Amino acid sequence: MATARRISEELPPFVARVALFLEPAAADVQAVLDELRPDALQFHGRETAEFCRRFAWPYMKAVPMGEEAIDLAAWADHYHDAQGLLLDANRAGAAGGSGKTFDWNSQAQLPNMPTIVAGGLNPGNVAAAIEHFAPYAVDVSSGVESAPGIKDAQQIRDFMSAVDQARPGSRRNGADRAAEG
Ligand SMILES: O=C(O)c1ccccc1NCC(=O)[C@H](O)[C@H](O)COP(=O)(O)O
């Protein structure tokens, strides 16, 4: 908590602070809210919608795309009061930050709520992800690190440059293949 508080205090204005949890006890979430007042909560495990909303605080729900046959519309319905869904490559209840991608072709369409694509993104593939999904946002962790847990400024710049150059949705539904003839 002390490290999180220090980082939080050093952030410049307008940088959103997200507190990420993997199947926490409610008391631990409340302690973080009381101590840090993050901009949003992110629940990464098998937390129920009732659990996520009991704090009356903005939250995102991660969807474990490492599972078979995920029905994103049902997830959006179930977590309808979430700020958004975050699609990640983990299996249910497992940690993220794995650097693995999920099968992008397993979903024809994103649900009708802000959707963040994560899982194995890096400067070399983030444009393709944006062009495939046209997501609300992308999330990256290990793909911009020089060593586990150490973010690399140049890789972050390269990632952002690839994001800037991407054409959202231009590869959706095989549009890339059609364009290539
Ligand atoms: O990043 C972690 O260490 C982590 C641990 C436990 C639960 C979730 C975790 N990360 C969630 C994230 O939002 C990551 O940014 C996401 O999994 C993408 O990671 P990566 O595939 O390394 O880009």
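Everything numeric in this text was worked out from a predicted model, so none of it was measured. Counting from 1, the numbers follow the sequence of the chain as shown.
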Rounded distance [0.5 Å steps], CD1 in I116 versus CD in Q42: 7.0 Å
Rounded distance (nearest 0.5 Å) linking atom CZ of R53 with atom CZ of F43: 11.5 Å
Test T48 against H78 for side-chain contact (heavy atoms from CB on, under 4.5 Å), laying out the working first. CA-CA 9 Å; T48 63; H78 199 58; 5.7 Å; no
Please give me the minimum heavy-atom distance between F21 and D28, naming the atom from each residue. CE2-O, 4.3 Å
May I ask you to decide if G45's main-chain N or O and K61's side chain share a donor-acceptor pair within less than 3.5 Å? yes
If we only count heavy atoms from C-beta on, is the F133 to V138 side-chain gap below 4.5 Å? no
Going from CG on D81 to CE on M113, what distance comes out if it is rounded to the nearest 0.5 angstrom? 8.0 Å
With side chains defined as the heavy atoms from C-beta onward, is the minimum distance between L36 and M1 less than 4.5 Å? yes
I would like to know whether N90 and H44 meet side-chain contact (heavy atoms from CB on, under 4.5 Å); could you show each step before the answer? CA-CA 9 Å; N90 61 303; H44 217 86; 3.8 Å; yes
Check this for me, if you would: do R54 and E50 make a salt bridge, where the nitrogen-to-carboxylate-oxygen distance has to be below 4.0 angstrom? no
Under 3.5 Å, side chain of E131 to main-chain N/O of S170, donor-acceptor pair present? no
Atom pair CZ/CG of R172 and L110 - distance to nearest 0.5 Å: 7.0 Å
Looking only at non-hydrogen atoms, find the nearest pair between P64 and A92 and report the distance. CB-N, 3.5 Å
Heavy-atom check, side chain of L33 versus side chain of L41, under 4.5 Å: yes
L72 and L87, any side-chain heavy atoms less than 4.5 Å apart: yes
G169 and A134: which non-hydrogen atoms are nearest, and at how many Å? N-CB, 3.6 Å
With side chains defined as the heavy atoms from C-beta onward, is the minimum distance between T115 and P135 less than 4.5 Å? no
V144, I130: one ILVMFWY side-chain cluster at the under-4.5 Å cut-off? yes
Under the side chain to side chain donor-acceptor pair (under 3.5 Å) definition, can you give me all pairs with a residue in residues 94-104, not counting sequence neighbours? none
Excluding I7, membership of its hydrophobic cluster (Ile, Leu, Val, Met, Phe, Trp, Tyr; side-chain heavy atoms within less than 4.5 Å) reads none
Considering all heavy atoms, the nearest D77-H80 contact: O-CD2, 3.1 Å
Verify the neighbour count for atom CG of N112: are there more than 12 heavy atoms of other residues, nucleotides or ligands below 6.0 Å? no
What heavy-atom pair brings L22 and A94 nearest, and what distance separates the two atoms? CD1-O, 4.0 Å
Considering residues at least two apart in sequence or located in another chain, which fulfil the side-chain contact (heavy atoms from CB on, under 4.5 Å) criterion with D39? A16, R17
Are V63 and V18 connected in a single hydrophobic cluster, I mean Ile/Leu/Val/Met/Phe/Trp/Tyr linked by side-chain heavy atoms less than 4.5 Å apart? no
Take R37 and W57 through the test side-chain contact (heavy atoms from CB on, under 4.5 Å) and record every step on the way to the result. CA-CA 10 Å; R37 302 189 68 76; W57 205 263; 3.5 Å; yes
Under 4.5 Å between any side-chain heavy atoms of E23 and E47, yes or no? yes
Heavy-atom donor-acceptor pair, S142 side chain to V140 backbone, under 3.5 Å: no
Is Q107 close to M65 at the side-chain level, that is, under 4.5 Å between some pair of heavy atoms? yes
Minimum heavy-atom separation for G143 to P123, with atom names? O-CD, 3.4 Å
Within a strict 4.5 Å, meaning less than it, do heavy atoms of the Y79 and C52 side chains meet? yes
Would you compute the distance between atom CD of Q83 and atom OH of Y59 and round it to the nearest 0.5 angstrom? 9.0 Å
Within a reach of under 6.0 Å around OH of Y136, are more than 12 heavy atoms found that belong to other residues, nucleotides or ligands? no
Measuring from M60:CE to D139:CG, what's the distance to the nearest 0.5 Å? 8.0 Å
Do L85 and I70 land in one hydrophobic cluster if side-chain heavy atoms of ILVMFWY residues count as linked below 4.5 Å? yes
Between D34 (side chain only) and A31 (backbone N and O only), is there a donor and an acceptor less than 3.5 Å apart? no
